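Remarks on the structure that follows.
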Amino acid sequence: MIPNENPSELETIRHSCAHLMAQAVQELFPGTQVTIGPVIEDGFFYDFSRKEAFIPEDLEKIEKRMKELAAADTPIVRSEISREEAIKKFGDMGETFKVEIIEGIDPNEPISLYTQGEWGDLCGGPHVESTKKIKAFKLLHTSSAYWRGDERNPVLQRIYGTAWNTEKELRLYLKRLEEAKKRDHRKLGKELDLFSVSDDIGPGLILWHPKGARIRHLMEEFWKKEHFKHGYEMVISPHAAKIDLWKTSGHTEFYKDNMFSNMDIEGREYVMKPMNCPFHIQIYKTKLRSYRDLPVRFGELGTVYRYERSGVLHGLLRVRGFTQDDAHLFCRPSQIEEEITKVLDLIVFILQSFGFHEYKIYLSTRPEKYVGSDEGWESATKALETALNNKKLDFEVDPGEGVFYGPKIDIKIKDSLNRYWQVSTVQVDFNLPEKFDISYIEEDGQRHQPIMLHRALMGSLERFFGCLIEHYAGAFPLWLAPVQVILLPITDNHAVYADKIAQQLEESGVRVEKDLRNEKIGFKIREAQLQKIPYMIVLGDKEVESSTLGVRRRRSKETRTLDLKTFLDEVNEAVKNRTIDSAD
RNA sequence: GCCAGCGUAGCUCAGGGGUAGAGCAACUGAUUCGUAAUCAGUAGGUCGGCGGUUCAAUUCCGCCCGCUGGCUCCA
């Protein structure tokens, strides 16, 4: 844990609140050992060592006790003790985890204690001066956690909480959490009939319903168009292959545990593909390549299968079968930097087209288990870094998070609860070209080895779609809306006119539906509104007589009377520009 | 995979050792209506699965499956 040198006032309150919780827990559940309790975004947690897990009712009790302790207005006092004293003190208390922490502290550093009444904790601080300063807090949920984040270590019981300056801020935060739940893609996926997962099929395997699939087609169409425009060629590869292919690539050695188990076909072992690269390499290898052909850019919406442990599956955001918007670029070494730069441009363009303007960029460096030479790693990492700097993109280094075959740039976007999910990636790979022994003929007439770039922009269509749903809370911009316009005739007498308008809109490429049910207009509006359809068109006597449309936009009570042409122009313009209207 | 919680009609949920209930949706009928819910009726469930306890289990217990929140993991 990196100590926060300059915590804000609120962070200090949160940390003191974590102490207050630890005090309450140790009072209510004697024998519980304390470990660490840091501040996190919007709150804090504390990990306890205790045989029994905390149950929801425990949290209520703890919270109640915390309120009493806070109200007691006990001063929080800092003191320093020697290392030996500290080890003895916590050792005598049976706090073995704390002793381990003290033993790990630099002997030259002072050891500080923060004490409130009878209760104290080893802590670097700072803290608020009195428990009374801790006013607005709530315990949220429990979890298990491994000591020092390692699953070989003992399991600890974690309690998460949140704390704010005032009750009002706390209320607003809890409200924000509630709102975020409403835009959960799993909830919206059901309500808007976009996708489902079936127990009979298996966890992490997605069924795209007509409306979801419609959006996917639009995503794919846009993606393909942009790729053809940028010098990519599209290829298609099978979903399974002989295991030998993965032996050559090194995947069986490094990632066997994450592959769907073997299938026996006529005595040969096959596996579902966990990635597309070896297939694209095979296509590359089918003929002799000249330096004049490079870079060769093979793109594919390639569906892959990966065994993800059951506990990590999450709606569309973490699944076992997904389609990557993958591409592999075979380059001369001198082309690497420029190609990375072009890919970064394309990533930013695609993300912005879908409305994502906030993202985090990471440069992931060499992991513990890797293949290839140190020089290769260094120059590849350098190429990525230079491209990022040239594009003036802010990034953080993620040490040791690279892929076994090379370093990479990752781009993450966030879901409704501000959890970040990796979408785009650019990976430099000088190892697979070696393993598959691919080459091209250079100017000098000799065989040379190309360098490969692996890249994805949306990452996986499933994950990207999940983020998209949450980003728009299901109210997709017009160009992506599965149903763009719904026609709402007021009575049966207007159905014929609705048919006529529907046909004209369809002919112009508008995705239109009719609500011909025998319901009142208010009811139809309500349903269209809940389905987040961008345009509702009310058709009654007035419209039929004047051959116009009563146009109502989603999230707007205002209605306009437009003729068909004016309306179509408005729709076409918004679709063409992929407009993201704030009124959406 | 680990810890905890949850699993009842298509959906949202109530109930509880004596064979199950609401609202919405669906279906039928009436109504033909101007911008967020018209009225009435009908139908719908092996109470996630398997096993145990019991005269009796959807309810209690065990195991399994699935989901949720975290942890670990994420080529």
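Here is how names work: the chains are called A, B, and so on, in the same order as the sequence lines, proteins then strands, and each is numbered from 1. Every value quoted in this text rests on a predicted model; they were computed, and no experiment measured them.
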> Starting at the 5' end of RNA chain B and moving along, which residue's nearest nucleotide shows up first, A:Arg463 or A:Arg186?
Replying inline: A:Arg186

>> Both distances below 3.5 Å, Watson-Crick or wobble geometry, any strand: find the nucleotide opposite B:G62.
In response: B:C50

> Given that both distances must come in under 3.5 Å, which nucleotide forms a Watson-Crick or G-U wobble pair with B:A56?
Replying inline: none

Find the distance [X]:[atom1] to [N]:[atom2] and express it as a whole number of Å.
X        : N     : atom1 : atom2 : value
A:Glu543 : B:U35 : CD    : P     : 12 Å
A:Glu519 : B:A37 : CD    : P     : 12 Å
A:Arg309 : B:U72 : CZ    : C1'   : 6 Å
A:Gln529 : B:U35 : CD    : P     : 14 Å
A:Gln422 : B:C74 : CD    : P     : 11 Å
A:Ile533 : B:A36 : CD1   : C1'   : 13 Å
A:Leu317 : B:C74 : CG    : P     : 18 Å
A:Phe279 : B:A75 : CZ    : C1'   : 15 Å

Going by modelled atom types, is there a donor-acceptor pair between the base of [N] and the side chain of [X] at under 3.5 Å?
X        : N     : answer
A:Arg158 : B:C71 : no
A:Tyr146 : B:G1  : yes
A:Asn493 : B:U32 : no
A:Ser144 : B:G70 : yes

>> Regarding A:Glu462 and A:Arg318, does a basic nitrogen lie under 4.0 Å from an acidic carboxylate oxygen?
In response: no

>> Regarding A:Lys182 and A:Glu179, does a basic nitrogen lie under 4.0 Å from an acidic carboxylate oxygen?
In response: yes

Counting only side-chain heavy atoms from C-beta out, which of [options] sits nearest to [X]?
X        : options             : answer
A:Ala53  : B:G34, B:U72, B:A4  : B:A4
A:Val155 : B:G34, B:C67, B:C2  : B:C2
A:Arg526 : B:A37, B:A75, B:C3  : B:A37
A:Gln157 : B:A37, B:C3, B:C74  : B:C3
A:Met275 : B:A75, B:G69, B:U32 : B:A75
A:Val538 : B:C73, B:U35, B:C71 : B:U35
A:Tyr405 : B:A75, B:G34, B:C73 : B:A75

With heavy atoms under 4.0 Å as the rule, sort [X] into base, sugar-phosphate or nothing.
X        : result
A:Asp199 : sugar-phosphate
A:Gln427 : sugar-phosphate
A:Arg419 : sugar-phosphate
A:Phe45  : nothing
A:His454 : nothing

>> Using the six-membered base ring of B:A75, report whether A:Tyr255 stacks on it, requiring centroids under 5.5 Å and planes under 30° apart.
In response: yes

> What do the steps show when you test A:Glu308 against A:Asn258 for side-chain hydrogen bond (donor to acceptor under 3.5 Å, both in side chains), and what is the final call?
Replying inline: CA-CA 7 Å; A:Glu308 302 283 2; A:Asn258 291 298; over 6 Å; no

> Looking at A:Gln282, A:Lys273, A:His280, which one forms a side-chain hydrogen bond (donor to acceptor under 3.5 Å, both in side chains) with A:Ser237?
Replying inline: A:Lys273

> Can you say whether the rings of A:His251 and A:Phe404 are parallel (under 30°), tilted (30 to 60°) or perpendicular (over 60°)?
Replying inline: perpendicular

